[in-house]
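First the structure, in the form of structure tokens, and then the observations on it.
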Amino acid sequence: MSLHVKPSTTTDALAAAGSALLSDWAREAIAARGRAVIALAGGGTPRLLYPVWAARAGLDWTRVILAFGDERAVPPTHADSNYGMVQEALLAHLDAAPRVLRMAGEHPRLEQAAADYARDLRGVLDADGRLDAALLGLGADGHTASLFPGSAALDEAKRWCVAAPGPDGTSRRLTLTFPLLKRARHIAFLVAGADKAAVLRAVLHGPLDTRHLPAQTLLRDAALDVHLLLDAAAAAGLD
Ligand code: 6PG
């Protein structure tokens, strides 16, 4: 495997490339295993992809199971909810309903919600426990999903989903962990904007420092099939 860097000139082209890639991976999984399990990301850049995917997927959505890479500790109706964003940007526009595994961000005990989610995932993944694809964003601090710099979640070696501190260290999140993400058959990072150029350079070309740049755990692992989709602004700092 290796890192595939796929620059796009505009964010529209970036969203179209990401949409096509997810659909290719979904069709591959459906052909091989009868269904596709794809983990989606929150954030403004991944959000660009969802309306395009809804319009162009060309998928039998009844054979797709949508999971989440992370969720905020809020109800699904909250403005910060990743589920709420995906509902509005993707699910509301589909002609057939995929099964959706929603992380219960509203749960009063997030640790229980994390354990429940891991159980839900085990119920849909094959014995090999592999997501067919994971869509991820990259934060300006080098986080991905809700795996933030210095978080104890970075050290999780077994559980597939944990409760974790948010970006400010006070709010809390639910997040998939690297043991599960590293087993995904395919990973797509969607990165756009000049504000990501410096962190992307550090992640790809800087010293390996996964505690401070957690996304390196995936983007610097040549054993994984990682596709980095980015626009010209985010690519400005790359060799
Ligand atoms: C979230 C995401 C997070 C996001 C990155 C990139 O819940 O916010 O899971 O990991 O993908 O922070 O977000 P932007 O593309 O908006 O910078």
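Positions are given from 1 along the sequence. Order of appearance sets the numbers: ligands from 1, and atoms from 1 within every ligand. Bear in mind that the values here come from a model prediction, so they are computed numbers and not experimental data.
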Geometric cation-pi criterion R122 and W160, 6.0 Å radius, 45° cone
yes
Can you tell whether the side chains of R35 and D132 come within less than 4.0 Å, N to carboxylate O?
yes
Starting from atom 12 (O) of ligand 1, find the nearest protein heavy-atom neighbour and note its residue, name and distance.
H143 NE2, 2.8 Å
Charged N to carboxylate O below 4.0 Å: is that the case for D221 and K182?
yes
Sub-4.0 Å atoms of ligand 1 with respect to non-hydrogen atoms of A145
3 (C), 9 (O), 10 (O)
Heavy-atom gap G69 to ligand 1 smaller than 4.0 Å
no
With side-chain contact (heavy atoms from CB on, under 4.5 Å) as the test, would you mind laying out the steps for D70 and H143 before giving the verdict?
CA-CA 12 Å; D70 69 334; H143 82 262; over 6 Å; no
Would you check whether G42 has a nitrogen or oxygen atom less than 3.5 angstrom from a nitrogen or oxygen atom of ligand 1?
yes
Run the numbers for me: atoms of ligand 1, each under 4.0 Å from some heavy atom of K196, listed by number.
14 (P), 15 (O), 17 (O)
Say whether E71 and ligand 1 are in contact under the criterion: heavy-atom distance to a ligand atom below 4.0 Å.
no
Evaluate D24 against H186 for side chain to side chain donor-acceptor pair (under 3.5 Å), listing each step before the verdict.
CA-CA 11 Å; D24 287 349; H186 303 290; over 6 Å; no
Of the backbone atoms (N, CA, C, O) and the side-chain heavy atoms from C-beta on, which set of R47 has a member under 4.0 Å from an atom of ligand 1: side chain, backbone, both, or neither?
neither
T144 N/O under 3.5 Å from ligand 1 N/O:
no
How far is atom 13 (O) of ligand 1 from its nearest protein heavy atom, and which residue and atom is that?
G43 CA, 3.7 Å
Go through ligand 1 atom by atom and flag the ones less than 4.0 Å from a non-hydrogen atom of L138.
6 (C)
The answer for which part of V191 has a heavy atom under 4.0 Å from ligand 1 is neither
Indicate yes or no: does R173 engage D80 in a salt bridge with an N to O separation below 4.0 Å.
no
Under 4.0 Å from a heavy atom of D70: give me the atoms of ligand 1 that qualify, with their elements.
1 (C), 2 (C), 7 (O), 9 (O)
Run the salt-bridge test on R172 and E111 with the 4.0 Å N-O cut-off and return the result as yes or no.
yes
As an exercise, identify every atom of ligand 1 less than 4.0 angstrom from a heavy atom of R173.
7 (O)
Looking only at N/O atoms, are L136 and ligand 1 under 3.5 Å apart anywhere?
no
D231 with K6: basic N within carboxylate O range, under 4.0 Å:
no
Looking at ligand 1, is there an atom of it that comes within less than 4.0 Å of some heavy atom belonging to R72?
yes
Does one side chain, of D168 or T170, offer a donor that lies under 3.5 Å from an acceptor on the other?
yes
Does ligand 1 have an atom that lies less than 4.0 angstrom from a heavy atom of P46?
yes
Under 3.5 Å, side-chain donor or acceptor atoms of residues 41-48 against the rest of the protein: list the pairs with distances, not counting sequence neighbours.
from: R47; atom 1: NH2; to: E88; atom 2: OE1; distance (Å): 2.9
from: R47; atom 1: NH2; to: E88; atom 2: OE2; distance (Å): 2.9

Which donor-acceptor pairs under 3.5 Å do side chains of residues 191-202 form with protein atoms, sequence neighbours excluded?
from: K196; atom 1: NZ; to: L138; atom 2: O; distance (Å): 2.8
from: R201; atom 1: NH1; to: G237; atom 2: O; distance (Å): 2.7
from: R201; atom 1: NH1; to: D239; atom 2: OD1; distance (Å): 2.8

Could you list the atoms of ligand 1 found under 4.0 angstrom from a heavy atom of G44?
14 (P), 15 (O), 16 (O)
Give the atoms of ligand 1, by number and element, whose distance to some non-hydrogen atom of T45 is under 4.0 Å.
14 (P), 15 (O), 16 (O)
